[in-house]
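Below is one structure, written out as structure tokens; the observations come after it.
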Amino acid sequence: MSGRRPVLVTGAGGFIGGHLVARLREDPDLQVRAVDVKPVGQWYQQFPDVENMVLDLQEIDACRKACEGMLDVYNLAADMGGMGFIENNKALCMLSVLINTHLLQAANAAGVERYFFASSACVYAADKQVSEDVEPLRESDAYPALPEDGYGWEKLFSERMCRHFSEDFGLQTRVARFHNVYGPHGTWDGGREKAPAAVARKVLHAAATDGTSIEIWGDGKQTRSFMYIDDCLDGIRKIMDSDIEEPINLGSDELVTINQLVDIVEGIVGVELERDYNLSAPKGVNGRNSDNTMIQERLGWAPSIKLADGMQLTCDWIKGEYEAQNRSE
């Protein structure tokens with residue numbers, strides 16, 4: 001183990017964190033420590049060859065323990081979920097500010113060299129996202145500030161905290177604004193799932209039960225871009241290893257409506273369903289897309305996996321989970 005660079009992944013029991021641990025452990029030059037608040041048995045992905053720790057990172061002492069001996073920190077820990085969770089749990093989302101604040105303090109005290117913070121497109125000003133025909137969001141569109149209430153404000157504040165720790169203490173921080181990450185090994189039911197997983201589950205359930213319709217939150221015309229997990233992981237590593245000091249978009253620029261997302265999943269599953277539009281359900285902003293000019297200019301790279309290809313892999317995994325759940329029940 002000596003000579004390997006020690007790296008910490010927080011939120012390692014979650015969707016993106018679990019995939020990141022899987023990717024980092026493949027690098028023979030890295031020694032990975034994985035931390036999450038959930039018992040290890042509840043993590044989406046678990047690896048016996050990494051150091052797994054259960055810690056509540058809202059507590060400063062837990063952050064000190066997590067950062068001890070580390071040189072790189074990837075902070076993906078947050079209390080969050082899909083739009084239904086975000087709109088109904090604003091205080092819980094805001095409390096994640098304790099994680100990033102305490103983790104920055106602990107990382108700085110421990111001599112960490114590089115610190116990555118997973119931000120979100122929810123930091124962008126709401127008045128830039130009122131139309132389905134949205135202009136792609138540039139990094140500068142986060143100001144004047146009018147982010148998603150609760151979750152978006154926490155992310156924007158935490159971005160500023162990273163900036164000032166870099167300015168005041170010399171801690172090298174990197175901030176990526178994630179745009180709707182999806183893929184296997186994540187939440188697909190229970191209320192915290194995001195749109196790709198929710199749509200896949202609904203369509204698969206309808207197909208399995210001879211259903212003829214599914215519920216869609218909103219009118220289905222709202223637009224989004226969705227980034228497959230492999231693109232996200234590539235971007236995280238590239239941004240961490242770069243000299244990009246300001247927040248940067250990390251997302252696909254393939255814009256689709258929610259109706260088009262449903263079309264894709266129906267084509268994968270092989271069904272055509274009636275759509276019941278729930279206009280009173282949380283639906284988020286009307287339109288959001290990633291402007292990838294900066295990442296292309298700075299890294300010569302941008303997410304490129306097509307939504308149809310990523311959703312095929314995601315639907316295959318969710319189908320297996322759905323069938324396994326039904327068998328156990």
Side-chain angles (χ1 to χ4, degrees), residues 14-16 19 44 78 80-89 93 118 120-122 124 126 129 131-132 134 136-137 148 150-152 155 177-207 213-229 231-232 250-269 271 273 275-290 303 305-319 321-322:
F15 164 50
I16 303 175
H19 279 282
Y44 285 116
M80 57 86 68
M83 189 51 59
F85 179 83
I86 288 174
E87 289 200 3
N88 293 303
N89 295 275
C93 291
S120 167
C122 289
Y124 284 113
Q129 305 170 79
S131 170
E132 293 88 355
V134 64
L137 293 161
E148 188 87 42
Y151 181 71
K155 289 297 187 185
R177 292 173 178 162
F178 292 170
H179 288 248
N180 295 312
V181 187
Y182 73 98
H185 301 289
T187 304
W188 59 277
D189 69 349
R192 292 197 184 216
E193 68 276 14
K194 295 187 177 181
V199 169
R201 186 199 71 248
K202 290 176 180 179
V203 173
L204 286 164
H205 177 71
S213 66
I214 59 169
E215 181 185 68
I216 304 296
W217 286 9
D219 59 12
K221 297 177 183 178
Q222 61 267 43
T223 50
R224 296 289 187 276
S225 62
F226 300 99
M227 173 174 55
Y228 189 65
I229 184 63
D231 271 339
C232 182
L250 181 53
S252 169
D253 59 3
E254 181 185 355
L255 187 68
V256 296
T257 66
I258 297 301
N259 279 328
Q260 289 171 327
L261 174 63
V262 177
D263 290 341
I264 289 171
V265 176
E266 286 180 337
I268 292 169
V269 177
V271 296
L273 304 166
R275 300 174 191 186
D276 298 327
Y277 295 102
N278 184 348
L279 301 182
S280 63
K283 72 164 192 173
V285 297
N286 286 326
R288 177 181 291 157
N289 194 15
S290 178
I305 296 172
K306 295 298 184 182
L307 181 59
D309 296 333
M311 285 306 299
Q312 177 71 64
L313 297 168
T314 304
C315 286
D316 289 345
W317 180 81
I318 292 177
K319 182 179 180 182
E321 295 295 299
Y322 175 84

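Atom set for the values below is all heavy atoms of this structure, side chains included, hydrogens, waters and symmetry mates excluded. Just so we're clear, the structure is a prediction, and the values are computed from it rather than from any experiment.
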Does any non-hydrogen side-chain atom of Ser225 lie less than 4.5 Å from one of Asn289? yes
What residues form a ring-ring contact (aromatic ring centres under 6.0 Å, His included) with Tyr182, not counting sequence neighbours? Tyr228
Distance-minimising heavy-atom pair for Val265 and Met311: CG2-CE, 3.6 Å
Considering non-hydrogen atoms only, spot the tightest contact between Arg288 and Leu255 and give its length. O-CD1, 3.6 Å
Give a yes or no answer on whether the side chain of Glu266 reaches the backbone of Leu273 with a donor-acceptor pair at less than 3.5 Å. yes
For the side chain of His19 and the backbone of Pro184, is there at least one donor-acceptor N/O pair under 3.5 Å apart? yes
Check: Glu254 side chain, Leu307 main-chain N or O, donor-acceptor pair, under 3.5 Å: yes
Backbone of Gly220 reached by a side-chain donor or acceptor of Gln222 within 3.5 Å: yes
Spatial distance of atom CZ (Arg177) from atom OH (Tyr124) [nearest 0.5 Å]: 4.0 Å
In terms of heavy-atom contacts, Ile214 and Ala206 come closest through CG2-CB, 4.0 Å
Closest non-hydrogen atoms of Asp219 and Lys221, given as atom of the first, atom of the second and distance, are OD1-N, 2.9 Å
With Tyr322 via ring-ring contact (aromatic ring centres under 6.0 Å, His included) - residues at least two apart: His205
Taking every heavy atom of Thr223 against every heavy atom of Glu132, the minimum-distance pair comes out as OG1-O, 2.7 Å
Ala78 and Lys155: which non-hydrogen atoms are nearest, and at how many Å? CB-NZ, 4.1 Å
Could you work out, with side-chain contact (heavy atoms from CB on, under 4.5 Å) as the rule, every residue matching Asp316, not counting sequence neighbours? Gln312
Return yes if some donor-acceptor pair links the side-chain N/O of Glu215 with the main-chain N/O of Lys202 below 3.5 Å, else return no. no
Between the side chain of Glu193 and the main-chain N/O of Gly191, is any donor-acceptor distance below 3.5 Å? yes
